[in-house]
A.B. asks: 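The structure is given below, and queries will be raised subsequently.
Note on naming: letters A, B, ... go to the chains in the order of the sequence lines (proteins, then strands), and numbering restarts at 1 for each one.
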Protein chains: 2
Amino acid sequence: MNMEDTQADNAGDSTVSDNGPSTKPELDLNQFLPYRLNSLADRISQALAQLYEERYQLNIAQWRVLAWLSHCDELTAKKVCAYTNMDKARVSRAIQALEDRGLISRTPSPRDQRLHDLHLTPAGQALLAELIPAAQAWEAELVATLTAGEYRDLLNVMRKLERQLERIGDKG
Amino acid sequence: MNMEDTQADNAGDSTVSDNGPSTKPELDLNQFLPYRLNSLADRISQALAQLYEERYQLNIAQWRVLAWLSHCDELTAKKVCAYTNMDKARVSRAIQALEDRGLISRTPSPRDQRLHDLHLTPAGQALLAELIPAAQAWEAELVATLTAGEYRDLLNVMRKLERQLERIGDKG
DNA sequence: CGAGCATAGTTGCTCTTGAAACTATATGTC
DNA sequence: GACATATAGTTTCAAGAGCAACTATGCTCG
């Protein structure tokens with residue numbers, strides 16, 4: 001069942017190295033980290049998104065805004081952009097939708113009228129009180145097959161990759 | 001430098017835990033695997049996409065088709081869908097674009113007229129001969145900070161997650 | 001053989017997204 | 001205080017993505 005996407009024609013791959021010097025280079029996407037990572041992340045993201053969407057009519061952007069609000073209980077659109085790496089237009093729309101639904105409030109900051117302080121409304125808090133445990137339970141199930149060590153190592157390696165990514169991005 | 005997205009305002013967050021028993025649950029997205037994974041994969045994907053796009057005017061879908069063609073030198077749209085998990089419309093358009101550019105050829109299969117066999121043209125092979133090493137070099141740089149063990153473990157853990165994901169998905 | 005169903009691939013339509021233009025507020029300089 | 005510049009956020013616009021309807025071919029079973 002789950003072999004379908006990894007099996008492909010890897011079986012025949014051993015023919016690669018004997019093609020002489022000007023051989024066409026091959027790329028096995030299943031061995032190519034960017035592809036594999038993206039594919040995995042995509043599936044996870046989509047599966048979770050279904051949970052947000054079906055049960056709470058939230059898209060990913062909206063969910064992220066709420067999640068951030070759940071632990072920085074004051075926030076601005078700008079900060080959300082910085083934290084989540086999402087486009088400001090996307091954030092703006094997510095905020096608007098959440099406000100329209102009465103899940104968050106949005107008030108101009110007294111200090112600087114350009115900024116808008118975001119807060120969870122009681123309705124928003126109630127929704128999160130349901131959604132966050134559900135999301136955490138889902139995640140727990142996802143990582144259930146990993147040992148504690150594997151999990152820790154995974155996060156570690158991810159952090160390394162993030163750091164390296166920035167280094168590469170900076171110069172290239 | 002790279003601390004920007006993990007730092008956030010976690011500093012002030014310690015005020016959360018004193019909210020009593022019915023306290024709002026928190027979710028730190030930076031500790032939430034689906035988010036972290038997606039965020040990382042997104043950045044990697046975008047960085048690489050830039051390479052395809054700027055230097056070769058290929059989008060991700062097109063690149064994936066080419067990459068698969070690089071080592072299954074006969075292929076159909078259907079297979080590409082299966083291997084890459086992309087929508088068939090997306091694949092269809094990618095194939096069309098590649099054909100228009102003369103990078104691949106597309107001929108109805110003699111066995112079954114519904115299927116179209118895809119092949120790299122010489123131009124396509126030439127492009128890949130440049131692009132694949134570039135992509136691999138980029139990947140090598142990305143994973144340069146990982147030990148061989150870490151790299152292997154990462155792929156292993158990813159495979160576990162993929163499998164678990166399907167198990168979860170199956171039951172709904 | 002022919003009717004109904006399945007499959008490969010394409011096209012139309014809508015929604016989302018991101019870039020860029022725009023608005024409104026703030027800051028800095030003279 | 002007035003003008004130039006920066007910043008937060010919104011809106012506009014065009015491109016991309018996915019769903020669903022469609023076309024064309026093949027398969028199955030009476």
Side-chain angles (χ1 to χ4, degrees), chain A residues 4 38-39 41-43 45-50 52-54 57-65 68-69 72 74-100 104-119, chain B residues 4 38-39 41-43 45-50 52-54 57-65 68-69 72 74-100 104-119:
Chain A
E4 284 193 1
N38 198 59
S39 169
D42 247 33
R43 287 176 206 215
S45 205
Q46 251 179 297
L48 248 188
Q50 216 170 337
Y52 312 144
E53 185 69 50
E54 284 180 1
Q57 285 75 55
L58 294 173
N59 65 28
I60 291 182
Q62 292 161 8
W63 153 249
R64 284 182 185 167
V65 171
W68 274 102
L69 272 171
C72 328
E74 184 163 312
L75 205 57
T76 64
K78 180 72 189 306
K79 284 184 185 173
V80 174
C81 289
Y83 299 163
T84 64
N85 218 34
M86 293 192 294
D87 186 85
K88 61 184 182 163
R90 193 177 174 196
V91 170
S92 173
R93 287 164 187 139
I95 287 173
Q96 210 162 4
L98 293 172
E99 196 189 11
D100 289 349
I104 66 176
S105 66
R106 190 176 132 287
T107 54
S109 161
R111 295 269 160 212
D112 181 339
Q113 298 287 126
R114 292 171 306 180
L115 281 64
H116 297 265
D117 290 332
L118 305 175
H119 288 279
Chain B
E4 284 195 2
N38 198 59
S39 169
D42 248 32
R43 289 176 205 214
S45 205
Q46 251 179 296
L48 248 188
Q50 216 171 336
Y52 312 144
E53 184 70 51
E54 284 179 0
Q57 285 76 54
L58 294 173
N59 65 27
I60 292 183
Q62 291 161 8
W63 153 249
R64 285 182 184 165
V65 172
W68 275 103
L69 272 172
C72 330
E74 184 163 311
L75 205 57
T76 64
K78 180 71 189 308
K79 283 184 185 172
V80 175
C81 290
Y83 299 163
T84 65
N85 219 34
M86 293 192 292
D87 186 85
K88 60 185 183 162
R90 194 178 173 195
V91 170
S92 174
R93 287 166 186 139
I95 287 172
Q96 213 161 3
L98 293 172
E99 198 190 8
D100 289 350
I104 66 176
S105 66
R106 189 177 132 286
T107 54
S109 161
R111 297 267 160 212
D112 181 339
Q113 298 286 125
R114 293 171 306 177
L115 281 65
H116 297 264
D117 290 333
L118 305 176
H119 288 278

A.B. asks: Rounded to the nearest 0.5 Å, how far does CD1 of B:Ile104 lie from CG of B:Leu98?
C.D. replies: 4.5 Å
A.B. asks: Please state how far atom CZ in A:Arg90 lies from atom P in C:dC15, giving the value in whole angstrom units.
C.D. replies: 18 Å
A.B. asks: Return the OG to CG distance between A:Ser105 and A:Leu69, rounded to the nearest 0.5 Å.
C.D. replies: 8.5 Å
A.B. asks: Between C1' on D:dA8 and OH on A:Tyr83, what's the gap in Å once rounded to a whole number?
C.D. replies: 15 Å
A.B. asks: For the residue pair B:Trp68 / B:Tyr83, report whether a side-chain donor-acceptor contact shorter than 3.5 Å exists.
C.D. replies: no
A.B. asks: What is the distance from NZ of B:Lys79 to P of C:dT7, rounded to the nearest Å?
C.D. replies: 16 Å
A.B. asks: As an exercise, state the distance from CG of B:Asn38 to CG of A:Asn85, rounded to the nearest 0.5 Å.
C.D. replies: 11.0 Å
A.B. asks: Rounded to the nearest 0.5 Å, what separation is found between the CD atom of A:Glu74 and the NZ atom of A:Lys79?
C.D. replies: 7.0 Å
A.B. asks: What is the distance, rounded to the nearest whole Å, between atom CG of A:Asn59 and atom C1' of D:dA17?
C.D. replies: 15 Å
A.B. asks: Using the rule given for side-chain contact (heavy atoms from CB on, under 4.5 Å), can you reason through A:Arg43 versus A:Leu48, listing the C-alpha separation, both sets of side-chain angles and the distance that settles it, and then say yes or no?
C.D. replies: CA-CA 9 Å; A:Arg43 287 176 206 215; A:Leu48 248 188; over 6 Å; no
A.B. asks: Mind checking the OG1-CZ spacing from A:Thr84 to A:Arg64? Nearest 0.5 Å is all I need.
C.D. replies: 6.5 Å
A.B. asks: Kindly say whether A:Asn59 contributes a backbone atom to a donor-acceptor pair with the side chain of A:Gln62 at under 3.5 angstrom?
C.D. replies: yes
A.B. asks: Tell me: CD of A:Glu74 to P of D:dA8, nearest whole Å?
C.D. replies: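 Distance, rounded to whole Å: 15 Å.
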A.B. asks: Write out a two-atom table: protein N or O, nucleotide N or O from nucleotides 1-5 of chain C, distance below 3.5 Å.
C.D. replies:
none

A.B. asks: In this structure, how many angstroms lie between the P atom of C:dG9 and the CD atom of B:Glu99, rounded?
C.D. replies: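 Spelled out: CD on B:Glu99 to P on C:dG9 is 13 Å.
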A.B. asks: Which atom pairs link the protein and nucleotides 10-13 of chain D when you take only N or O atoms and keep those under 3.5 Å?
C.D. replies:
{"from": "D:dT10", "atom 1": "OP1", "to": "A:Arg106", "atom 2": "NE", "distance (Å)": "3.4"}
{"from": "D:dT10", "atom 1": "OP1", "to": "A:Arg106", "atom 2": "NH2", "distance (Å)": "3.0"}
{"from": "D:dT10", "atom 1": "OP2", "to": "A:Ser92", "atom 2": "OG", "distance (Å)": "2.5"}
{"from": "D:dT10", "atom 1": "O5'", "to": "A:Ser92", "atom 2": "OG", "distance (Å)": "3.4"}
{"from": "D:dT12", "atom 1": "O4", "to": "A:Arg93", "atom 2": "NH2", "distance (Å)": "2.5"}

A.B. asks: State the NE2-CZ distance between A:His116 and A:Arg114, to the nearest 0.5 angstrom.
C.D. replies: 10.5 Å
A.B. asks: Show me the protein contacts with nucleotides 24-26 of chain D, counting only N or O atoms at under 3.5 Å.
C.D. replies:
{"from": "D:dG26", "atom 1": "OP1", "to": "B:Gln113", "atom 2": "N", "distance (Å)": "2.8"}

A.B. asks: Roughly how many Å is it from CE in B:Met86 to C1' in D:dC19, rounded to a whole number?
C.D. replies: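 One finds 17 Å between C1' of D:dC19 and CE of B:Met86, rounded.
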A.B. asks: Side chains of A:Ser109 and A:Thr76: closer than 4.5 Å at any heavy-atom pair?
C.D. replies: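 The answer is no; the side chains never approach within 4.5 Å.
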A.B. asks: Checking A:Ile95 against A:Arg106 for the side-chain contact (heavy atoms from CB on, under 4.5 Å) test, could you report, in this order, the C-alpha distance in whole Å, the side-chain angles of both residues, the deciding distance, and whether it holds?
C.D. replies: CA-CA 8 Å; A:Ile95 287 173; A:Arg106 190 176 132 287; 3.5 Å; yes
A.B. asks: Whole angstroms only, please: what is the CH2-C1' distance between A:Trp63 and C:dT16?
C.D. replies: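 Taking CH2 of A:Trp63 and C1' of C:dT16, I get 21 Å after rounding.
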